[in-house]
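Below, chains carry the letters A, B, ... as their sequence lines are ordered, and counting in each starts from 1.
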Protein chains: 2
Amino acid sequence: MGNVTLKNIAEILGISITTVSKALKDYPDVNKETRDSVRLLAEKLDYKPNPLAINLRNKESKTLGVIIPRVDHNFYSTVVNGIITEAEDRGYLVIILFSGDSSSLEEDQVKLLLEKRVDGVLMSMATETEEIGHIKELIKKKIPLVLFDKTTEEISCSKVRIDDKKASFKAVEYLIETGCKNIVHFRGPLPPQAYTDRFLGYKEALEKHNITYDPSNVYVCDELTFNEGYEFTKKALEEHPETDAIFAMTDLVALGSLAYCQANGIRVPDQISIMGFSNWFMSQNSTPKLSTVHQPIKELGKEAISILIEEIQQRKNEFPVKHFTAQLPTEVIARGTTR
Amino acid sequence: MGNVTLKNIAEILGISITTVSKALKDYPDVNKETRDSVRLLAEKLDYKPNPLAINLRNKESKTLGVIIPRVDHNFYSTVVNGIITEAEDRGYLVIILFSGDSSSLEEDQVKLLLEKRVDGVLMSMATETEEIGHIKELIKKKIPLVLFDKTTEEISCSKVRIDDKKASFKAVEYLIETGCKNIVHFRGPLPPQAYTDRFLGYKEALEKHNITYDPSNVYVCDELTFNEGYEFTKKALEEHPETDAIFAMTDLVALGSLAYCQANGIRVPDQISIMGFSNWFMSQNSTPKLSTVHQPIKELGKEAISILIEEIQQRKNEFPVKHFTAQLPTEVIARGTTR
DNA sequence: TAGTGTAACGAAAACGTTTGCGGTTAATAT
DNA sequence: ATATTAACCGCAAACGTTTTCGTTACACTA
């Protein structure tokens, strides 16, 4: 029904399927006239090679699987933007699957991808994932795998991450250099690693500038919401009245901080500097505008896909593949909430 | 390499491929013992049917194509969430492609999907799209198509939309019923239709309550940014000092309005009520919290996919398909910025 | 005359699966 | 003894490509 095949063309022209195929792919052993007539007819009939057949023959699907915790979140939707665009540019299609940050769902999705025979897998691990058997399974089956964002040392594959520690270090250093001495840090939960790295950067900056690190200056946010930022600011300011800066691990929380300060007549940045993280677009819509750390999220997606495709090509050509971890650079953006 | 096939199992067991296939699919004409031994071995070897081969034989890919303007935007990432989850539940995989709101890119993406032989296409049209030849092409080639969100009457297919007009009507009626008489409306650009529908709902509510519609009370935002909300509020209040309510076509713009009022000592909602649209999560993080209209975005995605898959099944069974337009209901959420 | 070269084409296998149909055996019925 | 039936199995075609390896026909060389 409907779709034109090589066979159709061959029958109409009274030649073999082989010749039609060759004519279309510029094989040298086909007469110029034959070739032209084939091409003409193919054009006229709007012939499109059936990828299902090609894939079966070539044992590849030109499709990549991507597993992320969710997509309705600024970070992931931006990264997906980079992933899909880059993949398409390189001739691959992408299938997105969600783990919902659940370990068992993540496992199911890996299995699904395995069954669907994607050419490679890109994934950001679910926060709660500790059993990594299903990921090792991928390695064992020789499916090219690249981990990004939320990664683990326990898996031997290429990884792409934001250099959270350095980013955080630079942000805190900026606060110190602009005169802050009592810097409170709102960190995220223990896994994922990224939040710990940001905390480590905070600590390191303090140490470098001879400010003694006080654990009670660090508050752990669980939900990473605006409200948490608001409430923890209140708490922090009560417990540490001497505070002159707040470094929050994400913009939304920082915005909550800012809201608390404004609601309570605390001048920002004169009394308290506030530094966010992510450069979410809303950070430009506060008054004053939020200072933050820009992370190249879309580029993260692009880079991850590039590395994955690279590895697929290498394996196909039986080149040796070497794994590595790429750390993408960040940038402090000083706006109105810092001095 | 690597992957187990029916042939492998057949050879090991010394039986034919046919029998192996049948054993695995519970055909009645295979001996219980044979069946068991096949299943056992298949299990042991971790046999997974090759979808590429199955697809080729069945002439279907169990894959759906989705074209949206972008994904790094709350509305679309939420809708994509619904789309992917629902599709997966029903045994389909999804390929997402972006049109970037460009007509020519949209055309390219349609072509790509056509070449890839997806079983159906779901799409939200690019704003600038006026040439719809490529969409008609889909219809002509009998590819099941469902339009959602940004649709057009010129294409005969099923559509799924938010009932923007009614939503807007209810929102404005709420403002009127809580005592507002001079309601300014910030609308969006002309295409897409949704913004016009929201405007129409605004007008209709006015008329129903015998408030004369004044075109100068309607301002057209082009960018739909926070800043536009801020600036247009300033302008509107200068031009219409009697204004007692602002109805913005989206939450971000409404948040900009709120910011202007607060920066200029205008009491919300006492002096001016503000109503947003979308129930974006940030609408809960302002003080006072933003009143808005909730739209079931994720459900929109689910509904669209359901209809598409339904249509695919119908065609496969050669049932007649009938097209229709589903309008999803909305809900006014009164919070702190309205009386 | 036999051998060599070359241009143009096609047969066939392969990728892995599904399924209509026919075949074989053994048991049962007439 | 013959016919009928049921139970079990496998051949082969089909899905649409790609590519290896022939084959054919013809011209040219020695």
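- Separating the CG atom of A/L56 from the C1' atom of D/dT18 is a distance of 11 Å, rounded to the nearest angstrom.
- Annotation: side-chain contact (heavy atoms from CB on, under 4.5 Å) contacts of A/D46 (sequence neighbours excluded): A/K48, B/E137, B/K141.
- A distance of 5.0 Å separates OG1 in A/T85 from NZ in A/K298, rounded to the nearest 0.5 Å.
- Atom NZ in A/K302 sits 6.5 Å away from atom CG in A/D89 (nearest 0.5 Å).
- Here the straight-line distance linking atom SG of A/C157 with atom CD1 of A/I139 works out to 5.0 Å at 0.5 Å rounding.
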Apply the test side chain to side chain contact (heavy atoms under 4.5 Å, CB included) to residues A/V121 and A/L114: give CA-CA distance (whole Å), side-chain angles for both, the deciding distance (0.1 Å), then the verdict. CA-CA 9 Å; A/V121 173; A/L114 228 36; over 6 Å; no
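- Residues of residues 110-119 of chain A having a heavy atom closer than 4.0 Å to DNA chain D: none are found.
- Atom pair B/D29:CG and D/dC8:C1' shows a separation of 7 Å (rounding to whole Å applied).
- No engagement by B/L52 is indicated, since no non-hydrogen atom pair under 4.0 Å with the nucleic acid exists.
- Whole-Å rounding puts the B/Y27 OH to D/dA7 P distance at 18 Å.
- The span of DNA chain C lying next to chain A, judged by atoms under 4.0 Å from heavy atoms, is bounded 5' to 3' by C/dA8 to C/dG16.
- For B/Q327, the side-chain contact (heavy atoms from CB on, under 4.5 Å) test picks out B/R161, B/D163, with sequence neighbours left out.
- In this structure, the separation between NZ on B/K111 and NE2 on B/H134 is 9.5 Å, given to the nearest 0.5 Å.
- Judged as a side-chain contact (heavy atoms from CB on, under 4.5 Å), and not counting sequence neighbours, the contacts of A/S306 are A/E86, A/R90.
- Non-hydrogen atoms lying under 4.0 Å from DNA chain D are contributed by nothing in residues 38-45 of chain A.
- Computed from coordinates, the A/K25 NZ to D/dT20 P distance equals 11 Å when rounded to whole Å.
- In this structure, A/L6 places its CG atom 9 Å from C1' of D/dT18, rounding to the nearest Å.
- With sequence neighbours excluded, the residues forming a salt bridge (charged side-chain N to carboxylate O under 4.0 Å, His left out) with B/K32 are B/D36, listed by chain and number.
- In this structure, B/N55 CG and B/R117 CZ are separated by 12.5 Å, a value rounded to the nearest 0.5 Å.
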For nucleotides 11-14 of chain D, print each protein N/O atom paired with a nucleotide N/O atom at under 3.5 Å, atom names and distance only.
residue	atom	partner	partner atom	Å
D/dC11	N4	B/T18	OG1	2.9
D/dA12	N6	B/T18	OG1	3.1

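- Legend: residues meeting side-chain contact (heavy atoms from CB on, under 4.5 Å) with A/K142, ordered by chain and number and at least two apart, are A/R315.
- Residue A/P49 is in sugar-phosphate contact alone, with no base atom involved, counting any heavy-atom pair closer than 4.0 Å across all strands shown.
- Among the heavy atoms of the strands lying under 4.0 Å from B/T5 are primed sugar atoms or P, OP1, OP2 only; no base atom is included.
- Between its two ends, the helix from C/dT1-D/dA30 to C/dT30-D/dA1 turns its axis by 80°, counting five pairs per end and rounding to 10 degrees.
- Per the geometry, CG belonging to A/N31 stands 14 Å off C1' belonging to D/dC26, to the nearest Å.
- A heavy-atom distance below 4.5 Å is found between the side chains of A/V20 and A/I15.
- Residues A/L64 and A/I305 are in side-chain contact: their nearest non-hydrogen atoms beyond the backbone lie under 4.5 Å apart.
- Annotation: salt bridge (charged side-chain N to carboxylate O under 4.0 Å, His left out) contacts of A/K7 (sequence neighbours excluded): none.
- Looking at residues two or more places apart in sequence or on another chain, you find a side chain to side chain donor-acceptor pair (under 3.5 Å) between B/K22 and B/D29.
- The nearest whole Å value for the distance from the NZ atom in B/K32 to the P atom in D/dC9 is 13 Å.
- Here the CG atom belonging to B/L145 is positioned 5.5 Å from the CG atom belonging to B/L147, to the nearest 0.5 angstrom.
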